[in-house]
Amino acid sequence: MNQQGKKLKSGSLPIYILLGTASALSIFPFYWMFVMATQPSAAYNSIPPTLVPGNMLVENFLKVLDTIPFFQAMWNTVLLCTSVTIVVLLISSLSGFAFAKFTFPGKNFLFICILLTMVIPPQLGLIPQFYLVSQLGWLDTLFGAGILFLLNPLGIFLMRQYISESVPDELIEAAKLDGCSNFRIYRSIVLPIIKPAFATLGIIVFTLVWGEFLWQFTVLRDPSSYTLQVALASLNNAFRVDFGMLLSGVFWATVPLIVIFLIFNKWFISSITEGSIK
């Protein structure tokens with residue numbers, strides 16, 4: 001047993017080295033952003049690059065607070081991302097349940113049409129979408145900034161696949177024999193089973209909306225309605241860019257995403273491992 005264990009450990013050593021190197025390379029951009037957030041702007045172009053944190057983290061962040069309404073933008077972004085994520089999870093899970101467990105006319109055709117929308121570049125619809133939102137009076141509102149993300153084809157696809165594999169047909173039939181309605185089956189049987197998929201899709205949607213810039217920049221013009229991405233973009237000056245201030249704002253705007261991932265990390269990994277086993 002000891003010899004086999006030693007062979008296993010020695011054989012796994014290259015894999016651990018590879019994984020450790022990949023992890024370090026993945027973390028390095030965030031570390032470098034943190035270093036630049038603690039340095040003066042001149043350190044951005046220094047040769048060799050500065051890799052040691054400085055002592056200007058608080059000073060640079062105070063510059064951010066003096067330039068943009070950072071906490072208001074943070075609140076707007078959290079409210080927008082949370083609302084969109086909840087609605088997307090509800091719509092995607094209900095749609096996925098219907099596509100996975102029900103039979104109705106045009107089911108496959110409709111599902112293919114939903115999937116085809118994933119290959120259409122969102123930039124193609126920017127002008128008509130902006131015109132429609134402006135005519136409805138939704139400019140400078142978080143509802144206008146988030147309405148395009150409420151229907152998520154990827155989310156419907158993921159939920160359909162997960163429900164098809166994880167929710168037994170026999171369990172649904174048994175619930176119907178007991179007199180449960182379709183919504184009761186969804187609430188009492190489907191939802192508890194698909195919690196890992198909920199966490200996975202929730203992280204995907206939350207980070208997608210958090211990092212969205214083009215559409216939010218198009219529809220949000222009032223500083224009081226700015227999200228973080230739009231507010232941080234206003235830190236760029238046409239004549240001079242304070243990289244320490246800019247990257248300080250970016251650093252603190254990234255921290256909530258890391259917190260969200262750490263909170264739902266267990267369910268996220270559970271969803272991946274369950275899918276690999278099946």
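Contact record, K176 with F102: NZ-CE2, 4.2 Å, taken as the closest heavy-atom pair. Between W252 and M74, the closest heavy-atom pair is O-CE, 3.8 Å. For Q39 against M56, the heavy-atom pair with the smallest separation is C-SD, 4.0 Å. Of all non-hydrogen atoms in F149 and V88, the two that sit nearest each other are O-CG2, 3.1 Å. Closest non-hydrogen pair, V64 versus G249, comes out as CG2-N, 3.9 Å. In terms of heavy atoms, F70 sits closest to A253 at CZ-N, 4.2 Å.
The OG atom of S95 sits 10.5 Å away from atom CG of N152, with the distance rounded to the nearest 0.5 Å. In this structure, CE in M245 is found 8.0 Å from CD1 in I68, a value given to the nearest 0.5 Å. Going from atom OH of Y186 over to atom CG of L94 covers 4.0 Å, rounded to the nearest 0.5 Å. With rounding to the nearest 0.5 Å, the separation of OG in S23 from OH in Y16 is 12.5 Å. Note: L208 CG to I204 CD1 = 9.0 Å, rounded to the nearest 0.5 Å. Note that OG1 of T85 and CG of L80 are 8.5 Å apart. Values are rounded to the nearest 0.5 Å.
Linking ILVMFWY residues whenever their side-chain heavy atoms come closer than 4.5 Å, directly or via other members, leaves F34 and I27 in distinct clusters. Follow the hydrophobic side-chain contacts under 4.5 Å out from I86 and you never reach I147; the two are in separate clusters. Side-chain heavy atoms closer than 4.5 Å link hydrophobic residues (I, L, V, M, F, W, Y) into clusters, and following such links, possibly through other members, connects V255 to M36. Under a hydrophobic-cluster definition in which Ile, Leu, Val, Met, Phe, Trp and Tyr are linked whenever side-chain heavy atoms come within less than 4.5 Å, directly or via other members, F217 and Y131 are assigned to different clusters. In terms of hydrophobic clustering, with Ile, Leu, Val, Met, Phe, Trp and Tyr side chains grouped at heavy-atom distances under 4.5 Å, I156 and I112 are assigned to different clusters.
Counting heavy atoms from C-beta on, the side chains of F97 and I185 come closer than 4.5 Å. Between V84 and L150, some side-chain heavy-atom pair lies under the 4.5 Å cut-off. Within the 4.5 Å cutoff, no side-chain heavy atoms of Y162 are placed close to those of V167. Contact of the F30 side chain with the I258 side chain is registered, since non-hydrogen atoms from C-beta on lie closer than 4.5 Å. With contacts defined as side-chain heavy-atom distances shorter than 4.5 Å, the pair F206/T82 qualifies. At least one side-chain heavy atom of L247 sits less than 4.5 Å from a side-chain heavy atom of W32. Inter-residue side-chain proximity for F99 and S164 is flagged as unmet; no heavy-atom pair is nearer than 4.5 Å. When side chains are defined from C-beta on, F198 counts as touching S93, because their heavy atoms get closer than 4.5 Å.
More than 12 heavy atoms of other residues, nucleotides or ligands sit less than 6.0 Å from atom CG of D178. Counted within 6.0 Å of CH2 on W75, heavy atoms from surrounding residues, nucleotides or ligands total 12 or fewer; the atom is thus considered open. Few gaps surround CZ on F104; more than 12 heavy atoms of other groups in view lie less than 6.0 Å from it. In F130, the CZ atom is crowded: over 12 heavy atoms of neighbouring residues, nucleotides or ligands sit closer than 6.0 Å.
D169 meets the salt bridge (charged side-chain N to carboxylate O under 4.0 Å, His left out) test with K101; sequence neighbours excluded.
S248 contributes no side-chain N or O that, together with a main-chain N or O of A37, makes up a donor-acceptor pair within less than 3.5 Å.
Between F61 and F251, a ring centre-to-centre spacing not shorter than 6.0 Å is recorded.
If you run side-chain hydrogen bond (donor to acceptor under 3.5 Å, both in side chains) between T227 and each of Q216, E212, Q72, only Q216 comes through.
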Please lay out, stage by stage, how L171 and I193 fare under the test side chain to side chain contact (heavy atoms under 4.5 Å, CB included). CA-CA 12 Å; L171 189 59; I193 295 177; 4.3 Å; yes
Go through the steps for V87 and S83 under the test side chain to side chain contact (heavy atoms under 4.5 Å, CB included), then give the verdict. CA-CA 6 Å; V87 174; S83 303; 5.6 Å; no
Can you give each donor-acceptor pair under 3.5 Å made by side-chain atoms of residues 116-129, sequence neighbours left out, with the distance rounded to 0.1 Å?
unit_1	atom_1	unit_2	atom_2	d
T117	OG1	I114	O	2.4

Name the atoms and distances for all side-chain donor-acceptor pairs under 3.5 Å in residues 135-146, with sequence neighbours left out.
unit_1	atom_1	unit_2	atom_2	d
D140	OD1	R221	N	2.5
D140	OD1	D222	N	3.0
T141	OG1	W138	O	2.5
T141	OG1	G144	N	3.1

